[in-house]
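Counting starts at 1 for both ligands and their atoms, in listed order.
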Amino acid sequence: MISIKVPATSANMGSGFDSIGIAFTLSNEVRMEESDQTEITCVTGHDVPKDDSNLIYQCAKKVYDICGKPLKGLKIEEYCNIPQTRGLGSSSACTVAGLLGANELLGRPMNEQNIIDLAASIEGHPDNVAPAILGGFVAALQEYGKVWHVRVPIYGRLDFVVFVPHFELKTEKARAALPKTIPHADAVFNLARAALLAGSLVTGDLSNIGVAVGDRLHQPYRFALIPGGQEIMQAAKGLGALGAYISGAGPSIVAIVDSSDKTYLMRAQMYCESNFPDWKPMLLRCDERGAVVEHIS
Ligand code: HSE
């Protein structure tokens, strides 16, 4: 039996639409072995597809097909800790787990770059899957099927308080809300900020974070789908965060907090209890390990 642990991820980080993401210290685990028939269970009791429409199964099967290996079936056990459809990379975690698990069962015919390229092709963009595999803060793009990426460790300098609402938002719906074209000035607005964000995280210049997560490409169009989102974002900053942004396609909001601020989470909880009791703040850190594959029996 193989165990694959894959971290939650937060894509975009405001300015880096479809190109920047970070791994968080919260992970899903998938256990997998070959079997005569496919049997899928979710140990944590979440509602996941139990047939061959299951994303983990489909991604595993893709690896078998690419490698020209027959697959009778897979026994898959899922442990889902990442909130689903909340902009925290739960579907990327399934994609990555399926690919890495099958690759391990086949004796690792694919290298890490092959897995990243395939995962990004399946997801359509690399900003969740690259940090899910590599850990850390990752800037990435995919061109002609290959993902070009750079990973920056955060070394515990930052905390991430994630405000998770009770409602879900499907990525397709959040992408459908975006305009087909954007003004040149908005492209420049984001380009400058994404570069500043990456550079600031490399150098540790945290004073730039607030302006560097600013965005005109997706967040302004998505707030209409996130009731309370704008208020939470303002409050997250007002409570003392360095910056705040919509996590991935939403609906969760992430506050980037200097890790020396030990009471931010408590202040965030008190704010939500009084104003938005259906939003739950959760303290996470940057996961520096990325996906971990182990043989457990
Ligand atoms: N970059 C993507 C988006 C992340 O914002 O739509 C969603 O997975």
Side-chain angles (χ1 to χ4, degrees), residues 6-24 26-28 55-56 58-59 80 82-99 116-134 137-143 147-150 160 162-165 167-182 186-187 189-191 193-195 197-198 212-226 229-230 233 243-254 256 284 287 291:
V6 187
T9 46
S10 181
N12 302 332
M13 298 186 79
S15 52
F17 180 69
D18 274 2
S19 54
I20 278 176
I22 191 166
F24 282 159
L26 173 71
S27 59
N28 281 0
L55 183 56
I56 299 168
Q58 287 186 343
C59 291
C80 302
I82 305 172
Q84 293 174 336
T85 335
R86 299 295 193 284
L88 292 168
S90 65
S91 83
S92 291
C94 292
T95 299
V96 168
L99 299 181
I116 294 173
D117 294 345
L118 182 55
S121 299
I122 293 168
E123 282 278 308
H125 31 83
D127 49 345
N128 285 114
V129 292
I133 294 169
L134 299 168
F137 166 91
V138 177
L141 64 87
Q142 189 172 32
E143 188 174 62
V147 176
W148 299 82
H149 53 83
V150 63
F160 298 86
V162 186
F163 295 77
V164 184
F167 57 87
E168 58 178 38
L169 175 56
K170 291 202 185 310
T171 300
E172 307 82 73
K173 193 173 170 190
R175 289 185 86 82
L178 304 182
K180 295 273 177 281
T181 59
I182 46 117
D186 289 356
F189 182 97
N190 272 61
L191 179 65
R193 281 161 179 76
L197 178 63
V213 295
D215 162 67
R216 287 191 192 161
L217 298 189
H218 65 108
Q219 294 184 164
Y221 307 101
R222 288 175 163 168
F223 275 124
L225 304 172
I226 309 175
Q230 250 170 324
M233 184 116 116
Y245 64 88
I246 296 176
S247 187
S252 299
I253 305 285
V254 173
I256 306 178
L284 300 174
D287 171 288

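- For the pair Ser15 (side chain) and Ala212 (backbone), a donor-acceptor distance under 3.5 Å is present.
- Minimum heavy-atom separation, Ser91 to Glu123: OG-OE2, 3.4 Å.
- Contacts of Lys170 classified as salt bridge (charged side-chain N to carboxylate O under 4.0 Å, His left out), with partners at least two apart in sequence or in another chain: Glu168.
- The side chain to side chain contact (heavy atoms under 4.5 Å, CB included) with Leu217 is formed by just one residue from the set Leu191, Asn190, Asn12, Asp18; it is Asn190.
- Contacts of Gln142 classified as side chain to side chain donor-acceptor pair (under 3.5 Å), with partners at least two apart in sequence or in another chain: Ser121.
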At less than 3.5 Å, what protein N or O atoms come close to the N or O atoms of ligand 1? Include the distances to 0.1 Å.
from, atom 1, to, atom 2, distance (Å)
ligand 1, 1 (N), Asn12, OD1, 2.9
ligand 1, 1 (N), Asp18, OD1, 2.5
ligand 1, 1 (N), Asp127, OD2, 2.6
ligand 1, 5 (O), Asn12, ND2, 2.8
ligand 1, 5 (O), Arg222, NH1, 2.8
ligand 1, 5 (O), Arg222, NH2, 3.4
ligand 1, 6 (O), Arg175, NH1, 2.6
ligand 1, 6 (O), Arg222, NH2, 2.8
ligand 1, 8 (O), Asn128, OD1, 3.0

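- For Arg216, the salt bridge (charged side-chain N to carboxylate O under 4.0 Å, His left out) partners are Asp186, not counting sequence neighbours.
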